[in-house]
Chemist: 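I'd like to ask some things about the structure below.
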Amino acid sequence: MKILVCISNVPDTTSKITFTNDNTAFNTAAVQFIINPYDEIALSKAVELAEGGKGTVTVINVGDASTEATIRKALAIGADNAVRINATPRDAWFVAHQIAAYAKDKTFDLILTGRESIDYNGAQVGAIVAELLNIPSVSIAKKIDLSADSVSIEREIEGGKEVLTAKLPIVVGTAEGVAEPKIPNMRGIMSARTKPLEVLEPISVDSLSHIVKYESPAPRGAVKLVDAAEVEKLVSLLHDEAKVI
């Protein structure tokens, strides 16, 4: 069993987010970066599936040299080797093409991603990778069970659960519940220093989008309290000020 796990390098949710260059660039100064939490769930599941000599786990990241600390943590968690595509991950289209170009001739049985990254929340990379590789994809998986050449995937849907089966290879986007995130132990941290990390140059991909400007959310306005007996006043505020009715 060969498993590829796609990991993103994202800002910790406790970091203060600011922008530079007239709000056209994200300011990385003093920002703590981590493995995208959903990707960490995917990685933990991959390590679990490969335990006991049942398979190998490769992690892949599209990013510059600053992401290598995040990649080494993934190796400490239990990945066998890692690949970094030496490029700035400008959008999901670009990232997916880099991953698919690497994976196309590697015969991976299972490609795992997180359901989405917590910085852009696009939830696009997994589906695009699958389309480029001409294999099926399933997103927001809550449970994954493997057999010899197929996979059973459980998803939550409105009003219940959905269970799907598919032949391998497949791309699966993982959500909470698939696995408990693994905490690297000392042995894993030490071994991560010597595990192979391959750095590859990116393939050329047409640019379909570009960032014009970043904007922070508008500050919350003052709260207006309306007496329960003043229904007409409440309706007036909702209609004239909030403009929601």
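Quick caveat, the model's predicted, so the values are computed rather than measured.
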Chemist: Can you find a side-chain donor-acceptor pair between S8 and N36 that sits under 3.5 Å?
Modeler: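 Side-chain D/A pair, S8 to N36: absent.
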Chemist: Evaluate I135 against I170 for side chain to side chain contact (heavy atoms under 4.5 Å, CB included), listing each step before the verdict.
Modeler: CA-CA 6 Å; I135 60 176; I170 190 172; 5.6 Å; no
Chemist: Salt bridge or not for K182 and E51, using N-O below 4.0 Å?
Modeler: yes
Chemist: If the threshold is 4.0 Å, N to carboxylate O, is there a salt bridge linking K142 and E154?
Modeler: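 Judged by the 4.0 Å cut-off on N to carboxylate O distance, K142 and E154 do not form a salt bridge.
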Chemist: Please check if atom CG in N134 has more than 12 non-hydrogen atoms from other residues, nucleotides or ligands closer than 6.0 Å.
Modeler: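 Atom CG in N134 is not crowded, with 12 or fewer foreign heavy atoms closer than 6.0 Å.
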Chemist: Measure the shortest side-chain to side-chain distance between L164 and R155 over non-hydrogen atoms and say whether it is less than 4.5 angstrom.
Modeler: yes
Chemist: Which atoms form the tightest heavy-atom contact between C6 and I111, and what is the distance?
Modeler: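 For C6 and I111, the tightest heavy-atom pair comes out as SG-CG2, 4.0 Å.
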Chemist: Should L146 and L168 count as side-chain neighbours, where that means a heavy-atom distance under 4.5 Å?
Modeler: yes
Chemist: Can you establish whether the number of heavy atoms outside E162 located under 6.0 Å from its atom CD is more than 12?
Modeler: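 Above 12, so yes.
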Chemist: OG1 of T28 to CZ of F33: how many Å apart, nearest 0.5 Å?
Modeler: 5.5 Å
Chemist: Name the atoms and distances for all side-chain donor-acceptor pairs under 3.5 Å in residues 191-206, with sequence neighbours left out.
Modeler:
{"unit_1": "S191", "atom_1": "OG", "unit_2": "R187", "atom_2": "O", "d": "3.2"}
{"unit_1": "S191", "atom_1": "OG", "unit_2": "G188", "atom_2": "O", "d": "3.0"}
{"unit_1": "T194", "atom_1": "OG1", "unit_2": "S191", "atom_2": "O", "d": "3.2"}
{"unit_1": "K195", "atom_1": "NZ", "unit_2": "L75", "atom_2": "O", "d": "3.0"}
{"unit_1": "K195", "atom_1": "NZ", "unit_2": "A79", "atom_2": "O", "d": "2.8"}
{"unit_1": "E201", "atom_1": "OE2", "unit_2": "N86", "atom_2": "ND2", "d": "3.2"}

Chemist: Could you tell me if the side chain of I99 sits less than 4.5 Å from the side chain of L4, heavy atoms only?
Modeler: yes
Chemist: Look up atom NZ in K45 and atom NZ in K143, then write down how far apart they are to the nearest 0.5 Å.
Modeler: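 Going from the NZ atom of K45 to the NZ atom of K143 covers 8.5 Å.
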Chemist: Are any of the side-chain heavy atoms of P184 and I189 separated by less than 4.5 Å?
Modeler: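 With C-beta onward as the side chain, the pair touches.
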Chemist: Only one of N61, D39, T70 passes side chain to side chain donor-acceptor pair (under 3.5 Å) with N9; say which it is.
Modeler: T70
Chemist: Out of curiosity, I60 CD1 to Y102 OH, how far, rounded to the nearest 0.5 Å?
Modeler: 6.5 Å
Chemist: Got E176 and R115 here, is their nearest side-chain heavy-atom distance under 4.5 Å?
Modeler: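 With C-beta onward as the side chain, the pair touches.
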Chemist: Regarding D22 and T24, do their side chains bring together a donor and an acceptor under 3.5 Å, going by distance alone?
Modeler: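 No, because no side-chain N or O of D22 sits under 3.5 Å from a partner of the opposite role on T24.
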Chemist: Do V10 and I34 come within less than 4.5 Å of each other through their side chains, counting heavy atoms only?
Modeler: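 Sidechains of I34 and V10: in contact.
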Chemist: Against V172, only a single residue in I140, L110, T113, V178 fulfils side chain to side chain contact (heavy atoms under 4.5 Å, CB included); can you say which?
Modeler: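 When side chain to side chain contact (heavy atoms under 4.5 Å, CB included) is applied between V172 and each of I140, L110, T113, V178, only L110 qualifies.
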Chemist: Picking from T174, I3, L112, V5, what satisfies side chain to side chain contact (heavy atoms under 4.5 Å, CB included) with L43?
Modeler: V5
Chemist: Please say yes or no: joined through hydrophobic side-chain contacts below 4.5 Å, possibly via intermediate residues, are L208 and V125 part of one cluster?
Modeler: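 Yes; tracing contacts between hydrophobic side chains, which count when under 4.5 Å, links both residues.
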Chemist: Within the 4.5 Å heavy-atom criterion, are F94 and V62 side-chain neighbours or not?
Modeler: yes
Chemist: Taking side chain as C-beta onward, heavy atoms only, is I77 less than 4.5 Å from K73?
Modeler: yes
Chemist: Using a 6.0 Å cut-off, check whether atom CD1 of I157 has over 12 heavy atoms from anything other than its own residue.
Modeler: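 Atom CD1 in I157 is packed in, count exceeds 12.
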Chemist: What distance separates K54 NZ from L49 CG, expressed to the nearest 0.5 Å?
Modeler: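 It is 8.5 Å, given to the nearest 0.5 Å.
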Chemist: What's the separation between atom CG in N21 and atom NZ in K213, rounded to the nearest 0.5 Å?
Modeler: 13.0 Å
Chemist: How close do F108 and P169 get, counting heavy atoms only, and between which atoms?
Modeler: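 Nearest heavy atoms, F108 then P169: O-CB, 3.3 Å.
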Chemist: My understanding is that only residues two or more places apart in sequence, or in another chain, count here; which of them pass side-chain contact (heavy atoms from CB on, under 4.5 Å) with K243?
Modeler: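 Per chain and number, K243 pairs via side-chain contact (heavy atoms from CB on, under 4.5 Å) with no residue.
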Chemist: Measure the acute angle between the ring planes of F19 and Y214, then classify it against the limits of 30° and 60° as parallel, tilted or perpendicular.
Modeler: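 Parallel, since the angle between the ring planes stays under 30°.
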Chemist: If you measure from CE on M1 to OG1 on T56, what distance do you get to the nearest 0.5 Å?
Modeler: 9.5 Å
Chemist: Should we count NZ of K104 as having more than 12 external heavy atoms under 6.0 Å?
Modeler: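 Not more than 12 within 6.0 Å, no.
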